[in-house]
Amino acid sequence: MRVLCIINLKGGVGKTISAVNLAFIFAELHGKKVLLIDCDKQGNTSKFYGVHDRDGEGLTELLTVRKAQVGRYIQKTRYKLVDVIPANMSLINANKQILIDCTRPQQTRLKDALEEIAPKYDFCIVDCAPDINMTTLNALVAADDVLVPIKIDKFSFDGIAELFEQLDDVRTFNPSLRLAGLFATMARRNSVNRQGEAFLREASGYPMFETAIRDTCRVTETTYAGRALEEYAPKCTAAQDYRKLAGEYLAMCGKEARENGKV
Ligand SMILES: Nc1ncnc2c1ncn2[C@@H]1O[C@H](COP(=O)(O)OP(=O)(O)OP(=O)(O)O)[C@@H](O)[C@H]1O
Ligand SMILES: [Mg+2]
């Protein structure tokens, strides 16, 4: 199982939309078994896949209950190949409890829990909150890859330096953590966007995916419909782009596996 963390400390950049759509594409178009983990107290990923319960168990208990059995917190969705570990507002307390309880490891709880179920899944996609807290740290320690959606505007780079500092810190616990790349979201064909994207590609020094996810109102419609773009509007620009992004990422994983002699 490969764990990819979708993260940006900035809010509203398309983390959740990317997580839920990539999960759907990996599962329904590529036949991969996917576990989605909602690491955000807002529970948007859980809501999207219809498994949000404000009083229910989920990531909070997984991170705080001693000897938690991860299987207990995995929810099935209407898609055979997509399961979700949901989150709700109780994650606020979980973050405090993890900090208080230093009688056992604090940063490796998710990683340890996922080891148990790793053989059952091809991918685990983690939708992070726009925040650094104990849940985010656990997600980064458990991750193989980090993907960073960027909405290109004047504030695009806010938080990026802090995020990369955080990734460096996390490497103490997780030395093989890889920044798979940044990708533009809500991309428009105007000069500000083009300049921002050109800077990211040519001057920033950050690894960038070729694919940019275009801006379309179809995306917002899917949040009401609770359907992935692939189901709701497969011909729209963003649906095409997410298919391409998924292809780029899977090709990257395939290349790496070949280089390591795993296939
Ligand atoms: N490609 C797109 N085109 C148009 N709107 C989009 C696109 N991607 C995301 N959005 C819209 O932007 C808003 C924020 O998206 P999303 O919830 O995925 O961001 P987020 O980074 O997860 O936010 P948060 O930090 O609050 O968790 C949503 O209303 C969503 O519909
Ligand atoms: Mg989100």
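Note that the structure is predicted; figures quoted are calculated from it, not measured. Just follow the structure's listing: the first ligand is 1, and inside any ligand the first atom is 1. Throughout, numbering of the chain's residues begins at 1 and tracks the sequence.
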Practice prompt. Could you say whether the N/O atoms of Thr16 and ligand 1 ever approach to under 3.5 Å?
Written response: yes
Fill in: Contact atoms of ligand 1, heavy-atom distance to Pro130 under 4.0 Å
25 (O)
Discussion item. Do Phe209 and Phe26 sit in one hydrophobic cluster, given that two such residues count as connected whenever their side-chain heavy atoms are within less than 4.5 Å of each other, even indirectly?
Written reply: yes
Worksheet item: Distance below 4.0 Å between atom 2 (C) of ligand 1 and any protein heavy atom?
Response: yes
Discussion item. Is a donor from one side chain sitting under 3.5 angstrom from an acceptor on the other, for Tyr49 and Asp38?
Written reply: no
Discussion item. Just to be sure I read this right, does ligand 1 sit under 4.0 Å from the backbone of Asp40, its side chain, both, or neither, counting only heavy atoms?
Written reply: side chain
Item to complete: Please determine if Asn44 has a nitrogen or oxygen closer than 3.5 Å to a nitrogen or oxygen of ligand 1.
Response: no
Worksheet item: Is there at least one pair of N or O atoms, one from Gly12 and one from ligand 1, spaced under 3.5 Å apart?
Response: yes
Practice prompt. Could you tell me whether ligand 1 has any atom less than 4.0 Å away from a heavy atom of Arg218?
Written response: no
Worksheet item: Does the side chain of Asp241 come under 3.5 Å of the side chain of Thr211 through a donor N or O and an acceptor N or O?
Response: no
Practice prompt. Quick one: look up the protein heavy atom nearest atom 19 (O) of ligand 1 and list residue, atom name and how far away it is.
Written response: Gly14 N, 3.0 Å
Worksheet item: Can you list the ligand 1 atoms lying under 4.0 Å from a non-hydrogen atom of Gly11?
Response: 25 (O)
Item to complete: Looking only at protein heavy atoms, identify the closest one to atom 30 (C) of ligand 1 and say how far it is in Å.
Response: Ile17 CG1, 4.0 Å
Worksheet item: Is the centre of the Phe164 ring less than 6.0 Å from the centre of the Tyr206 ring?
Response: yes
Discussion item. Show the atoms of ligand 1 that are less than 4.0 angstrom away from any heavy atom in Val13.
Written reply: 19 (O), 20 (P), 21 (O)
Discussion item. Ile213 versus ligand 1: do any nitrogen or oxygen atoms come within less than 3.5 Å of each other?
Written reply: no
Item to complete: Using distance alone, decide if ligand 1 has a nitrogen or oxygen within less than 3.5 Å of any nitrogen or oxygen in Thr216.
Response: yes
Discussion item. Is a donor from one side chain sitting under 3.5 angstrom from an acceptor on the other, for Thr136 and Asn133?
Written reply: yes
Discussion item. For a distance under 2.8 Å, tell me if Gln42 has an N/O/S atom near the Mg ion (ligand 2).
Written reply: no
Worksheet, complete the sentence: At under 4.0 Å between heavy atoms, what of Arg214 touches ligand 1? The answer is backbone
Worksheet item: At a 4.0 Å threshold, what atoms of ligand 1 neighbour a non-hydrogen atom of Gln42?
Response: 24 (P), 26 (O), 27 (O)
Worksheet item: If you group Ile, Leu, Val, Met, Phe, Trp and Tyr by side-chain heavy-atom gaps below 4.5 Å, do Leu167 and Leu4 land in one group?
Response: no
Worksheet item: Quick check: does Ala238 get an N/O under 3.5 Å from an N/O on ligand 1?
Response: no
